[in-house]
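Structure, as structure tokens:
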Number of protein chains: 2
Amino acid sequence: MTREHAPCTPRSRNGRDYFCSVELALMMIGGKWKPLILWGLGTRGTLRFGELRRLLPAVTQKMLTQQLRELESDGLVLREAYPTLPPRVDYSLTERGRGLLPILESLSAWARDVEAQDQPGRPD
Amino acid sequence: MTREHAPCTPRSRNGRDYFCSVELALMMIGGKWKPLILWGLGTRGTLRFGELRRLLPAVTQKMLTQQLRELESDGLVLREAYPTLPPRVDYSLTERGRGLLPILESLSAWARDVEAQDQPGRPD
DNA sequence: CTGTATCCACTTTGATACTG
DNA sequence: CAGTATCAAAGTGGATACAG
């Protein structure tokens, strides 16, 4: 690590301040349910709102809507609404969102190592 | 993405529930100032408490102590206290903490792409 | 079916003062 | 120097009811 990869200059996005790019990334994926949502959309592809709800029963409707809105406004998730009756809304990952998946997998692998170290003899 | 890399089985750590390993990782690095602290220790090596304070002036003393305690109890940061007068405490990354650095760099690179796309003509 | 709106509990963060 | 204690402010999440 000879170069400075993440300059710590104060910046701001949507009114929230941050100092390094890692913080920005965490602002976008750090919501309580966002990793789960991203993972769901990443592994299953396009999902309707109701399908997401059934996939993540622990998430209340309010939070699911809210987190999806934030993911959408950060350009990670694409929302496509069809003004039919009853209404139908499809959610999927954008290119930007898909670019995050390999990193989430690395994070996941790292965390699974941590779990394995903390609880030896319970490899899965 | 043909395999399921992060099984979404409910688990718990320190009394907090989570469902996938990515969430666990976010629990450990998702604190408001943790990325900054990890980055500081990653790029500068061992730092005393006061050096960290000067490096991160925006972080209050209370928060710095608190986040360091959590990083320590998650095994990411090593705390070495010398009972001298005045007291002296050194902080550094553990092996586990260092394992996170390449991933933080990927996250950082991804976020800088996002910044570049959002604000064309301001590459840095 | 896919949302909003409201209210409340809980948690997190900050400001300030004090200590070994 | 490196904290701890306390209180107040702000943010977050959940339950419930209602709407197009």
Side-chain angles (χ1 to χ4, degrees), chain A residues 10 12-19 23 26-37 40-41 44 46-74 77-92, chain B residues 10 12-19 23 26-37 40-41 44 46-74 77-92:
Chain A
S12 165
R13 182 190 174 88
N14 295 350
R16 278 184 67 180
D17 295 343
Y18 63 98
F19 302 87
E23 277 189 290
L26 256 22
M27 286 168 51
M28 297 200 236
I29 66 171
K32 186 169 182 182
W33 306 108
K34 285 180 186 175
L36 240 33
I37 295 172
L41 293 175
R44 320 258 172 151
T46 300
L47 290 175
R48 296 186 52 175
F49 184 80
E51 293 176 316
L52 264 174
R53 283 207 72 183
R54 281 186 293 279
L55 187 61
L56 310 171
V59 189
T60 63
Q61 188 178 45
K62 171 190 171 183
M63 287 312 297
L64 185 53
T65 303
Q66 179 183 307
Q67 305 272 291
L68 281 169
R69 288 286 181 282
E70 294 180 13
L71 290 170
E72 188 195 2
S73 87
D74 284 329
V77 159
L78 176 66
R79 178 181 189 272
E80 295 173 288
Y82 305 95
T84 56
L85 214 68
R88 168 207 178 116
V89 182
D90 286 351
Y91 291 95
S92 56
Chain B
S12 165
R13 182 192 174 89
N14 295 350
R16 279 184 67 179
D17 294 344
Y18 63 97
F19 301 87
E23 277 188 291
L26 256 23
M27 285 167 53
M28 298 199 237
I29 66 171
K32 187 169 182 183
W33 306 108
K34 286 180 186 176
L36 239 35
I37 295 172
L41 293 175
R44 318 258 173 153
T46 300
L47 290 175
R48 297 185 52 173
F49 184 80
E51 293 176 318
L52 264 173
R53 282 208 72 182
R54 282 188 291 279
L55 187 60
L56 310 171
V59 189
T60 63
Q61 190 178 43
K62 171 190 172 183
M63 288 311 297
L64 185 54
T65 303
Q66 180 182 308
Q67 306 270 292
L68 281 169
R69 289 287 181 282
E70 294 180 13
L71 290 170
E72 187 195 2
S73 87
D74 283 330
V77 159
L78 176 67
R79 178 181 187 271
E80 294 174 288
Y82 304 95
T84 57
L85 215 67
R88 168 208 178 114
V89 182
D90 285 352
Y91 290 95
S92 56

Between atom [atom1] in [X] and atom [atom2] in [N], what is the gap in whole Å?
X: A:Arg79; N: C:dC1; atom1: CZ; atom2: P; answer: 16 Å
X: B:Tyr18; N: D:dG13; atom1: OH; atom2: P; answer: 19 Å
X: A:Tyr91; N: C:dG3; atom1: OH; atom2: C1'; answer: 8 Å
X: A:Leu56; N: D:dG13; atom1: CG; atom2: P; answer: 15 Å
X: A:Leu26; N: D:dT12; atom1: CG; atom2: P; answer: 14 Å
X: B:Leu47; N: D:dC1; atom1: CG; atom2: C1'; answer: 15 Å
X: B:Asp17; N: C:dC10; atom1: CG; atom2: P; answer: 17 Å
X: A:Gln66; N: D:dG13; atom1: CD; atom2: P; answer: 7 Å

Distance below 4.0 Å between [X] side-chain N/O and [N] OP1 or OP2:
X: B:Arg69; N: D:dT4; result: yes
X: A:Arg48; N: C:dT2; result: yes
X: A:Arg53; N: C:dG3; result: no

Heavy-atom side-chain contact between B:Leu26 and A:Leu26 under 4.5 Å: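 Result yes, sub-4.5 Å side-chain heavy-atom pair found.
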Min side-chain heavy-atom separation B:Glu70-B:Lys34 under 4.5 Å: yes
Which atom pairs, donor and acceptor, lie under 3.5 Å between side-chain atoms of residues 59-67 of chain B and protein residues at least two apart or in another chain?
from, atom 1, to, atom 2, distance (Å)
B:Thr60, OG1, B:Met63, N, 3.3
B:Thr65, OG1, B:Gln61, O, 3.0
B:Gln67, OE1, B:Trp33, N, 3.3

Nearest listed nucleotide, side chain of B:Thr65, among C:dT12, D:dG3, C:dG3: D:dG3
Shortest side-chain distance from B:Val89, nucleotide among C:dG3, D:dG3, C:dT13: D:dG3
Spacing of CD1 belonging to B:Ile37 relative to CD1 belonging to B:Ile29, to within rounding of 0.5 Å: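 Spacing of CD1 (B:Ile37) from CD1 (B:Ile29) equals 12.5 Å.
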Side-chain donor or acceptor of B:Glu23 paired with backbone N/O of B:Phe19 under 3.5 Å: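 Judged by distance alone, yes, a pair lies under 3.5 Å.
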Below 3.5 Å is the cut-off: list the nitrogen or oxygen pairs between protein and nucleotides 14-20 of chain C, distance only.
from, atom 1, to, atom 2, distance (Å)
C:dG14, OP1, B:Lys32, NZ, 3.1
C:dG14, N7, B:Lys62, NZ, 2.9
C:dG14, O6, B:Lys62, NZ, 2.2

Donor-acceptor contacts under 3.5 Å from residues 46-55 of chain A side chains, at least two apart:
from, atom 1, to, atom 2, distance (Å)
A:Glu51, OE1, A:Arg48, N, 2.7

Flag for B:Arg79-B:Tyr91: side-chain donor and acceptor within less than 3.5 Å: yes
